[in-house]
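Worksheet: the structure to be examined is printed underneath.
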There are 2 protein chains.
Amino acid sequence: MDDHADQIRKPRADAVRNRERVLEAAKLVFSAGGPEASLEAVAKRAGVGIGTLYRHFPTREDLFEAVYRREVEQLSELAEQLKNAKDPVDALRRWLRSNVEFVATKKGMSAALALTFQSSSELAAFSMDRLTKAIGSLLDRAVAAGEMRGDVSPEDLLRALVGMCYMHDQPGWQSSVLRMLDVFVDGLRVQPAGRSKTRTAKPAKSAAKRKR
Amino acid sequence: MDDHADQIRKPRADAVRNRERVLEAAKLVFSAGGPEASLEAVAKRAGVGIGTLYRHFPTREDLFEAVYRREVEQLSELAEQLKNAKDPVDALRRWLRSNVEFVATKKGMSAALALTFQSSSELAAFSMDRLTKAIGSLLDRAVAAGEMRGDVSPEDLLRALVGMCYMHDQPGWQSSVLRMLDVFVDGLRVQPAGRSKTRTAKPAKSAAKRKR
DNA sequence: TTGTTAAACGGAGGGTGCCTCCGTATCTTC
DNA sequence: GAAGATACGGAGGCACCCTCCGTTTAACAA
C-alpha cells in the first residue's frame, strides 16, 4: 500500500460556503413553508443549483437534521457566552427566552422534526445532551452564586421548558409561555427567609454533586 | 318559492360505498407508507378513480382527519361493547390494550396526525372528549363494582396512556407499555387491606361525583 | 317499467417537485 | 502554471398533485 493513503486534502472553500448557504436558506424556507416546502426553492434561495443541494444533503431528512443540529449548537454556544454575564439569574432567563423564540420561528419545522426524530433517535439523544449541558452550566452558576435553589436539575428545567412549549398551537401561546417562564424563574430563586411556604417536593440531585 | 325546497334525496349508494372504501385504503396505505404516501396509491387500492378520492376528500389533511375520526369512533364503540363484559377490570384492561395496538399500527400515521392536529384543534378536542368518555364509562363501572379505587379520573388515565405511548420509537416500546399498563391497572385495583402502603397523593374528583 | 335528472364516476392532462447524471468550472496541490 | 481532484449546475425523466369535464349510474316520478 502506498503511503499517501491517509493524506487528506483541505476541503474546497466553495463547498464549505455553499453548504452553509443551503442550511441558512433551508432554515428560512422551512420555517415559512413547513416541511413540505420545495427543495428547489431552498436551492434557489441559497443561490446554488439543485444538484449542489442534493450532493450535500442526499435526502430531505438529512437537511432537516442538519438544520436542527446547527440550531441546537447555536443555543449551546449562546449558553457559553451567557456564562460570562454579570447576573447569573438574568443569564438563565435570557437563555430560556431564546429557546421560546427558537420554537416560535420553527412553526413549520416542528412537524418536520417529528418526522426526523422518529427515524433518528440518535439526534434526539444528541440534542437532549447538548441542551441539558447548556442549561446545567447556567443553572449551576446561579446556584453557586447563592441566587437559586439547588433542588432542581437541568433535566427538570428542560422538561418544564419543552412541556410549556409543547402546546404551541393555541393562539397567544408565546406570551403565555414567557409569562410562565418568568414565574418559574422567580420560583427558582432562593426564597427570602420566611417566604418559603412550600417545600414538600423532594429535591433532585443537588447541583453541586452533578458532574461538571 | 316552491315547496320542494327542503326535499332531500337519499345519498347515492355508490358514493357511500366508495367513501368507505377510500377510508379503509387510506388507513392501510398511510400506516405502511407514512404521511407522504401517494394519494394515487390510495385511490388505486380503494379501486376508485383519483377524481373520486378528491371529491370526497379535497385535501390530504381532510383524508387524514377522516381516517383518524373513524378510528377514534371505533375505539369509542369498543368501549360501549366492553361495558357488557362480566369482569369490569378486565374490560378496562382490554380497552387500554386496544389503544396500544391502535398506536402501534399507526407508525406512519402519527407524524401525519402531528400535522393535522396543528391545523385543527377542533379535532384534538373531539378525540379527547370521545376517549375520555369511553375510558370514563369503563372506569366508573369498575369503581362502582368496588374493584377499583375511585381517586383516579378518566383524564388521568388517558394522560398516562398517551404519555406511555409517546415514546413509541424506542425499540420494544410496545411490550414495555403493555407491561407498564398491567402494573398500572393492578395499581388501580382496590388494595386488599394492609397492602396499601402509599396513599399520599390527593385524589382526583371521585368517580361518583363525575357526571354520567 | 321507463324516462328524467341530479349526482357521482374516472382518468386524461397540465403543472410542479423529486432526484440523477454528467459535461463544465473551480479549487488545491505541487 | 499545470494536473488532477472535487464541486458545480441544471437538463431531463419520472412520479405525484389536482382540476376539469364527458360519461355513467343511482334515485325518483310517472
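Just so we're clear, the structure is a prediction, and the values are computed from it rather than from any experiment. Per chain, numbering begins at 1; letters A, B, ... match sequence-line order.
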TODO: Figure out the NZ/C1' separation between Lys10(A) and dA5(D), and round it to whole Å.
DONE: 15 Å
Open item on the list: Between the side chains of Arg69(B) and Glu73(B), is the shortest nitrogen-to-carboxylate-oxygen separation below 4.0 Å, so that they form an ion pair?
Closed with: no
Task: Separation of dC9(C) P from Glu20(B) CD (nearest whole Å) - done: 13 Å
TODO: May I ask you to verify if any side-chain N or O of Asn18(A) is less than 4.0 angstrom from the OP1 or OP2 atom of dA7(D)?
DONE: no
Open item on the list: Can you pull out the residues from residues 37-45 of chain B that lie within a 4.0 Å heavy-atom distance of DNA chain C?
Closed with: none
TODO: Heavy atoms only: give me the nearest Val22(A)-Val42(A) pair and the separation to one decimal.
DONE: O-CG1, 4.0 Å
- [ ] For Arg17(B) and for Gly51(B), find the nucleotide of DNA chain D with the closest heavy atom, then tell me which residue's nucleotide is more 5'.
- [x] Gly51(B)
Task: Test log, rule side chain to side chain contact (heavy atoms under 4.5 Å, CB included), inputs Arg70(A) and Glu20(A) - done: CA-CA 10 Å; Arg70(A) 191 155 150 281; Glu20(A) 197 57 26; 2.8 Å; yes
Open item on the list: Expressed as a whole number of angstroms, how long is the span from Leu63(A):CG to dC19(C):P?
Closed with: 11 Å
- [ ] Identify whether the distance between the nearest side-chain nitrogen and carboxylate oxygen of Arg60(B) and Glu36(B) falls below 4.0 Å.
- [x] no
- [ ] Would you please name every residue forming a salt bridge (Lys or Arg N to Asp or Glu O under 4.0 Å) with Arg94(B), sequence neighbours left out?
- [x] Asp90(B)
TODO: Kindly determine whether Lys83(A) and Glu80(A) satisfy salt bridge (charged side-chain N to carboxylate O under 4.0 Å, His left out), including the steps that lead there.
DONE: CA-CA 5 Å; Lys83(A) 259 195 201 163; Glu80(A) 202 64 28; 3.4 Å; yes
TODO: Consider the side chain of Asp14(B), meaning its heavy atoms from C-beta on, and name the nucleotide among dC18(D), dC27(C), dC9(C) that approaches it most closely.
DONE: dC9(C)
Open item on the list: Short of 4.0 Å, heavy atom to strand atom, which residues of residues 52-60 of chain B count as contacting DNA chain D?
Closed with: Tyr54(B), Arg60(B)
TODO: Write down the atom of Ala79(A), the atom of Trp95(A), and the distance for their closest heavy-atom approach.
DONE: CB-NE1, 3.6 Å
Open item on the list: Hydrogens and angles aside, do Ser137(A) and Asp140(A) bring a side-chain donor and acceptor to less than 3.5 Å of each other?
Closed with: no
TODO: Find the distance Arg9(B):CZ to dA8(C):C1' and express it as a whole number of Å.
DONE: 11 Å
Open item on the list: Rounded to whole Å, how long is the line connecting atom CD1 of Ile50(B) with atom P of dC16(D)?
Closed with: 10 Å
- [ ] Side chain of Arg12(B) only, please: which of dT25(D), dG9(D), dT20(C) is the nearest?
- [x] dT25(D)
Task: Length of the CZ-P vector between Phe30(B) and dC16(D), whole Å - done: 13 Å
TODO: Quick one: do Val29(A) and Leu39(A) satisfy side chain to side chain contact (heavy atoms under 4.5 Å, CB included)? Show the steps, please.
DONE: CA-CA 9 Å; Val29(A) 171; Leu39(A) 294 189; over 6 Å; no
